[in-house]
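The next block holds one structure in the form of structure tokens; read it before the comments.
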Amino acid sequence: GLHRTYPNVITSEGVVGLEHNKWSDKVSPQHDLTLPFIRMVAGPMDYTPGAMLTANQENFRDIFNEPMSQGTRCHQLALYVVFESPLQMLADNPSNYRKEKESMEFLSSVPTTWDDTRVLEAKIAEYILMARKKGEIWYLGALTDWDDREMTVDFSFLGEGEYTVEIWQDGVNADKHAADFKKVIKTVNRLSNLPIHLAPGGGWAAVVYQKNK
């Protein structure tokens, strides 16, 4: 109803977003995992994700002039799939993005509007695994709270044939150094079930497209 009544409204704030890390510790992974079930029900939200300087729970500090986010690098990447905002942005210093080519491969490709949305698995304030489609390409995002977590991606939402999946996943040291991540490429089909591991405060992001297209 909101989109039909006010089609000119692209997004709105009204949310405790990433900038609050400058002066508090309230924007935690649990906070990120609560928003999809409450504020986001009311429509798109201008949370301003995209921190490249990330910290685990022990190392986080609220430093106004050198802000960081809580959780892993892949947690930040996955927010672009989980959180909806047609006027999306990159919250960090441009210099930091120039240093992070592999992260920008994902951020520069992820759409801001969607044709289809599937919530594959979720529990409020604990975890979520979501798939969104734009055209013929699927984008997936998973988030967890401060508990590390094993999840399984069920690709039964795909069509026939084989698909390439490009994955950005928490690195083996992400529980100690939150910026640690790894990019991998796999082949899946609609019968595939892919186990994934999320570090504490972690995330997982992927782009899925049909082979030979």
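The figures that follow rest on heavy atoms only: side chains count, while hydrogens, waters and symmetry mates do not.
Side-chain contact between L77 and L107 is present, with at least one heavy-atom pair separated by less than 4.5 Å. Contact of the L120 side chain with the F155 side chain is not registered, since no non-hydrogen atoms from C-beta on lie closer than 4.5 Å. For the pair L90 and Y80, the minimum side-chain heavy-atom distance is below 4.5 Å.
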* **Verdict with supporting geometry, H75 and D32, side chain to side chain donor-acceptor pair (under 3.5 Å)** => CA-CA 9 Å; H75 187 98; D32 295 342; 2.8 Å; yes
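The shortest non-hydrogen separation linking L158 to R190 is O-NE, 3.1 Å. V82 and M40 get closest at one heavy-atom pair: O-CE, 3.2 Å. The minimum heavy-atom distance between E126 and R149, with the atom names listed, is O-NH2, 3.5 Å. The nearest pair of heavy atoms linking P200 to T72 is O-CG2, 3.9 Å. Here the closest non-hydrogen pair linking S109 and V207 is OG-CG2, 4.5 Å. When all heavy atoms of P36 and I128 are compared, the pair lying nearest together is CB-CD1, 4.2 Å.
In the hydrophobic clustering of this structure, M151 does not group with L143; members are Ile, Leu, Val, Met, Phe, Trp, Tyr whose side-chain heavy atoms approach within less than 4.5 Å, directly or through other members. L140 and V184 fall within the same hydrophobic cluster, defined by Ile, Leu, Val, Met, Phe, Trp and Tyr side-chain heavy atoms under 4.5 Å apart, directly or through other members.
Remark: the backbone N or O of A199 is paired with a side-chain donor or acceptor of D170 at under 3.5 angstrom. At least one donor-acceptor pair under 3.5 Å links the side chain of R39 to the backbone N or O of P44. Remark: side-chain polar atoms of Q70 are not paired, donor with acceptor, to backbone N or O of F60 under 3.5 angstrom. Here the side chain of S192 pairs a donor or acceptor atom with the backbone of N189 at under 3.5 angstrom. Without hydrogens or angle criteria, Y47 side chain to L18 main chain gives no donor-acceptor distance under 3.5 Å. Between the side chain of R73 and the main chain of M52, a donor-acceptor pair closer than 3.5 Å is present. Within the 3.5 Å criterion, the main-chain N or O of Y163 finds no donor-acceptor partner in the side chain of Q210. Listed for the Q169 side chain is no donor-acceptor partner under 3.5 Å among the backbone atoms of A206.
Donor-acceptor pairing under 3.5 Å is recorded for the side chains of N59 and N56. Under 3.5 Å, the side chains of T54 and S69 contain no donor-acceptor pair of N or O atoms. The closest side-chain donor-acceptor pair between T152 and N193, if any, does not fall under 3.5 angstrom. Looking at E166 and Y209, their side chains do bring a donor and an acceptor atom within 3.5 Å of each other.
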What side-chain donor-acceptor pairs closer than 3.5 Å can you find for residues 172-181, not counting sequence neighbours?
{"from": "D180", "atom 1": "OD2", "to": "V172", "atom 2": "N", "distance (Å)": "3.3"}
{"from": "D180", "atom 1": "OD2", "to": "N173", "atom 2": "N", "distance (Å)": "2.8"}

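Sorted by first and then second residue, the pairs that involve residues 88-135 and meet ring pair (Phe, Tyr, Trp, His ring centres under 6.0 Å), not counting sequence neighbours, are F106-W168, W114-Y139.
The salt bridge (charged side-chain N to carboxylate O under 4.0 Å, His left out) test applied to R132 returns no partner, not counting sequence neighbours.
Around CD of E150, the count of heavy atoms belonging to other residues, nucleotides or ligands within 6.0 Å exceeds 12.
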